[in-house]
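Position 1 is the first residue of the sequence; numbering continues from there.
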Amino acid sequence: MKNQNMKKAVRTFVVLLAVFVLACALSSIAFAEDTTAVAAAPDINQGLGLLAAALAMGIAAIGSGIAVGAGAPAAIGALTEDPKSFGKALIFVALGEGIALYGMLVAILIWTKV
C-alpha cells in the first residue's frame with residue numbers, strides 16, 4: 001500500500017512538473033512579437049507575474065480538490081450514522097473549498113499588480 005502511494009505521489013509530481021515546463025516553454029509563443037504592428041516588447045516581470053497568478057490558482061485548486069475529496073466522503077459517512085452532525089460535516093467540506101477561494105484571491109491580487 002505504501003509503495004502504491006509513493007508511486008502515485010511521484011506520478012503526480014512528474015505530471016505537475018511537465019505542465020510547468022510546458023507553460024514556461026509556451027509562454028514565449030504568447031508573448032511573441034507581432035511583425036505587422038509596432039508594439040513594445042512585454043516585460044519579463046509581466047510574464048512571470050501572470051505565471052505566478054496561474055500557479056497560485058492552480059495549486060490552490062489542486063489542494064482544494066484533495067481536501068474536499070478526503071473530507072466529503074467522511075462527512076457523508078458521519079451523516080449516515082448521525083444526521084445531527086450535518087453542521088460539523090458541512091464546516092469541514094467548506095474549509096476545503098476555502099483553500100481554492102484563497103488561491104483565487106491571491107491570483108487576482110497578483111494579476112492586478114501586473
Side-chain angles (χ1 to χ4, degrees):
M1 184 71 176
K2 187 176 181 181
N3 193 15
Q4 288 178 343
N5 288 338
M6 182 61 82
K7 285 182 180 179
K8 187 176 180 182
V10 169
R11 193 177 326 133
T12 304
F13 177 74
V14 169
V15 168
L16 289 175
L17 184 66
V19 168
F20 178 72
V21 168
L22 282 174
C24 290
L26 296 176
S27 65
S28 63
I29 295 172
F31 292 112
E33 187 175 341
D34 188 12
T35 58
T36 59
V38 177
D43 188 19
I44 186 70
N45 294 332
Q46 181 182 10
L48 290 176
L50 293 175
L51 187 62
L55 283 174
M57 186 63 226
I59 293 172
I62 290 170
S64 175
I66 292 170
V68 171
I76 291 171
L79 284 175
T80 57
E81 292 180 10
D82 183 19
K84 294 179 182 178
S85 66
F86 177 74
K88 293 177 187 176
L90 185 65
I91 288 172
F92 285 114
V93 175
L95 284 173
E97 293 177 5
I99 297 170
L101 292 176
Y102 290 131
M104 186 175 66
L105 178 65
V106 169
I108 290 172
L109 288 174
I110 293 172
W111 184 42
T112 55
K113 295 293 181 184
V114 170

Just how far is it from atom [atom1] of [X] to atom [atom2] of [Y], taken to the nearest 0.5 Å?
| X | Y | atom1 | atom2 | value |
| --- | --- | --- | --- | --- |
| Leu90 | Ser85 | CG | OG | 11.0 Å |
| Thr12 | Lys7 | OG1 | NZ | 14.0 Å |
| Ile99 | Ile66 | CD1 | CD1 | 9.0 Å |
| Leu51 | Gln46 | CG | CD | 12.5 Å |
| Asp82 | Lys88 | CG | NZ | 8.0 Å |
| Leu95 | Glu97 | CG | CD | 10.0 Å |

Work out which heavy atom in [X] is nearest to a heavy atom in [Y]; give both atom names and the distance.
| X | Y | value |
| --- | --- | --- |
| Gly103 | Ala60 | CA-CB, 3.5 Å |
| Trp111 | Leu50 | CD1-CD2, 3.4 Å |
| Ser64 | Gly96 | OG-O, 2.9 Å |
| Ala107 | Ala53 | CB-O, 3.4 Å |
| Val68 | Val93 | CG2-O, 4.0 Å |

Q.
Run Leu101 and Met104 through side chain to side chain contact (heavy atoms under 4.5 Å, CB included) and show every step you take.
A. CA-CA 5 Å; Leu101 292 176; Met104 186 175 66; 4.1 Å; yes
